Amino acid sequence: MTAEQLVIVANRGPNDFVWQEGRWVTRPAAGGLVSMLEPLARQPDVRWFCCVSEPPDAEQAREGLYTTAADETDPDLHIVPVPLPARVYHAYYGLISNEVLWMLQHHLIGHGGYDGVDERRQRAWQEGYLVANAQLAAAIAAAGLAPRAFLVQDYHLYPLPALLRRHFPRTPVLHFTHIPFPGPPMLKLLPGGWRRTILTGLLGADVVGFQTPSDARAFLWCCEELLGLAVDERRGTVTAPDGRVVRARAFPASTDPRALEATMLTPAVVAARARLALGEAGQTIIRVDRLDPSKNQIAGFRAFARLLELRPELCGRLRFVAFLVPSRTDLGVYRAYRDAVYGVIDEINARFAPACGAPPIVVHYTNDREQALAAMADCDVLLVNSREDGMNLVAKEWAIVSRRPGALVVSETAGVAREVEGAALLVSPLDIEGTARALAQALAMPPAERGLRLARLRDRVRRWTAADWLGAQLDALGVTGRPLGERRDRAPAPPAVAPTGLEADLPRRVAVLPDVV
Ligand code: F6P
């Protein structure tokens with residue numbers, strides 16, 4: 001008899017394939033989704049379906065990052081790549097998922113973000129986004145599996161739960177959205193047919209998971225207002241058009257503290273700490289994020305410039321070291337943002353280098369996780385000023401690895417904001433003046449206070465790990481047995497406050513309020 005499999009479905013597999021100096025090179029993919037799912041993927045009886053682009057032609061290949069079927073070969077990860085023609089992949093991943101949905105869901109509307117649906121975009125929806133989802137569903141149905149449950153990931157795959165339900169009517173399905181979910185006023189900026197497909201696609205799941213209670217509430221509000229469905233706010237449920245009761249839940253993403261602590265002892269991190277030598281001369285502000293408009297790097301650098309204006313005595317004693325991860329460079333809007341960020345850095349460096357004795361902003365434009373962790377250990381301040389963010393795991397990783405101890409400045413609109421209350425200094429992401437002042441406050445914070453704030457956050461992160469994130473989802477689906485996970489020393493304490501009206505039927509571990517010291 002065939003064993004039943006737990007099936008993960010995500011756009012991305014655990015490896016990227018990058019065209020470098022005339023050849024494809026594989027390397028682990030960046031991002032929270034991959035890091036949280038990889039331990040599960042290593043378990044037996046798990047399959048990970050992902051979309052891969054068939055190799056683009058040589059000219060395209062030199063332009064950007066692609067994932068191809070060829071690299072998805074690690075047998076321990078149980079990857080099942082579903083190849084899509086490069087044209088379909090680009091329309092689905094680039095033109096719709098990242099240039100429309102990602103931008104809309106991070107409130108990046110207009111020039112440099114989501115700026116409208118023309119005929120080309122309509123075609124990309126029909127011939128890219130919908131086709132990719134349909135091909136994925138068909139590939140899963142044709143794989144001859146006996147799925148125990150489906151864990152479907154993110155905004156690339158909103159239509160998929162409904163498509164899977166047609167093939168597997170009795171198999172539990174959970175969809176998790178890793179990025180913020182918009183309310184009706186935002187979703188109405190998409191064509192009517194698109195938003196109905198998104199919502200009804202998600203309603204194919206039994207459980208629709210989000211990063212925060214407000215995202216879950218926004219989804220229910222959309223179902224009520226845009227589809228006219230009956231919503232029970234208190235229970236956090238919506239009755240789908242086929243009569244099933246679908247649950248909306250918050251499962252805040254987290255990190256794996258033990259794995260991180262082990263990584264900190266590796267030669268790569270030890271060498272990077274020595275090389276960067278951040279703690280040795282003066283103070284350092286760092287940031288670690290993909291180069292993406294949602295991460296709001298420009299406002300962060302402008303706040304740093306304002307800080308140097310306010311506190312000229314810091315010149316020569318303070319550096320801003322930015323670890324920027326190349327991302328989605330095949331898309332014009334990302335290349336334009338990268339150029340704009342570099343323009344701002346050049347301007348600030350040219351202005352302050354004479355007084356500071358050297359350019360005060362240093363950039364590492366690379367995906368080097370060990371180097372970034374090394375910097376997090378020894379920085380004075382980590383700045384996370386995302387315009388908006390589903391969660392932002394960097395803040396949680398920093399809480400585990402900071403040694404100096406450092407201080408944390410976080411945007412109020414990041415999903416992690418509620419969890420870092422009492423530990424971080426919170427800023428409004430477009431408030432450059434306020435961010436400059438928060439940076440000044442963080443730099444001046446006495447070590448004892450930094451240590452106390454850090455300890456609070458570290459404790460919270462240790463009590464709600466990536467394994468808890470996944471375990472809570474499996475619990476919600478009624479999938480028994482914990483297939484993975486670090487053993488916690490203490491009982492899990494959920495980090496996010498459950499929303500009014502959604503707490504009643506939440507999984508127990510998510511319903512309890514956090515112990516904010
Ligand atoms: O959902 C957000 C996310 O998928 C994260 O896992 C990761 O940070 C990022 O987006 C990666 O994006 P991409 O797969 O497009 O490189």
Side-chain angles (χ1 to χ4, degrees), residues 8-18 26-38 40-41 48-53 64-68 71-72 79 81 84 89-106 108 128-129 132 151-158 160 175-182 209-212 215 251-256 287-297 323-331 333-335 337-338 366-367 369 372 384 386-397 414-416 466 469-470:
I8 299 167
V9 197
N11 166 63
R12 195 173 276 286
N15 294 326
D16 273 341
F17 213 45
V18 61
T26 57
R27 62 177 189 201
L33 182 154
V34 166
S35 68
M36 289 193 296
L37 290 171
E38 200 185 294
L40 176 62
W48 182 333
F49 284 79
C50 61
C51 291
V52 293
S53 175
L65 290 172
Y66 291 87
T67 309
T68 79
D71 74 320
E72 306 294 349
I79 302 302
L84 300 172
Y89 186 84
H90 179 67
Y92 138 81
Y93 173 72
L95 301 185
I96 299 298
S97 299
N98 289 329
E99 286 191 347
V100 175
L101 300 177
W102 175 274
M103 297 296 172
L104 178 97
Q105 294 188 228
H106 290 87
L108 293 158
Y129 191 78
L151 296 174
V152 183
Q153 308 300 311
D154 234 350
Y155 57 103
H156 317 84
L157 305 180
Y158 287 141
L160 192 64
H175 183 286
F176 185 82
T177 301
H178 292 252
I179 65 175
F181 200 84
F210 300 94
Q211 295 276 21
T212 67
D215 295 320
F251 305 102
S254 192
T255 188
D256 180 343
R287 69 177 309 134
V288 178
D289 33 31
R290 289 181 305 101
L291 194 35
D292 185 302
S294 71
K295 302 297 179 183
N296 204 23
Q297 279 103 351
F323 299 87
L324 303 180
V325 178
S327 186
R328 305 175 187 167
T329 48
D330 53 321
L331 300 178
V333 66
Y334 279 77
R335 289 197 300 272
Y337 186 68
R338 180 187 61 197
T366 175
N367 180 13
R369 181 166 165 73
V384 179
S386 330
R387 175 71 187 266
E388 204 162 335
D389 224 315
M391 176 53 59
N392 202 304
L393 287 183
V394 169
K396 294 188 177 185
E397 290 172 347
V416 77
W469 172 78
L470 195 51

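Indexing begins at 1, ligand by ligand and atom by atom, following the structure's order. Model, not experiment: these values are computed from the prediction.
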Query raised in the report: Where is the nearest protein heavy atom to atom 5 (C) of ligand 1: which residue, which atom, and how far?
Result: Gly32 N, 4.1 Å

**Report entry** Sub-4.0 Å atoms of ligand 1 with respect to non-hydrogen atoms of Leu33
**Finding:** 6 (O)

Query raised in the report: Nearest non-hydrogen atom to atom 12 (O) of ligand 1 belongs to which of His156, Arg328, Arg290?
Result: Arg328

Report task. Find out whether Leu101 and Tyr129 are in side-chain contact, i.e. whether some heavy atom of one side chain is under 4.5 Å from a heavy atom of the other. Result -> yes

Query - Asp292 side chain to Tyr334 side chain, donor-acceptor N/O pair below 3.5 angstrom - result: yes

Query raised in the report: Backbone, side chain, both or neither: what part of Asp154 comes under 4.0 angstrom of ligand 1, heavy atoms only?
Result: side chain

Report task. Ignoring hydrogens and angles, state whether a donor on the side chain of Asn98 or Tyr92 is under 3.5 Å from an acceptor on the partner side chain. Result -> no

Query raised in the report: What closest approach, in Å, do Ala91 and Gly128 show between heavy atoms, and which atom pair accounts for it?
Result: CB-CA, 3.7 Å

Requested in this report: May I ask you to check if ligand 1 and Tyr93 share an N or O to N or O distance below 3.5 Å?
Outcome: yes

Query raised in the report: Cation over ring, Arg328 on Trp102, under 6.0 Å and within 45°?
Result: yes

**Report entry** Shortest protein heavy-atom distance from atom 7 (C) of ligand 1, along with the residue and atom involved
**Finding:** Gly31 CA, 3.6 Å

Report summary line: Under 4.0 Å from one or more heavy atoms of Arg12, ligand 1 contributes atoms 13 (P), 14 (O), 15 (O), 16 (O)

**Report entry** Close N or O approach (Ile179, ligand 1; < 3.5 Å)
**Finding:** no

Query raised in the report: Is the distance between the ring centroids of Phe210 and His178 under 6.0 Å?
Result: no

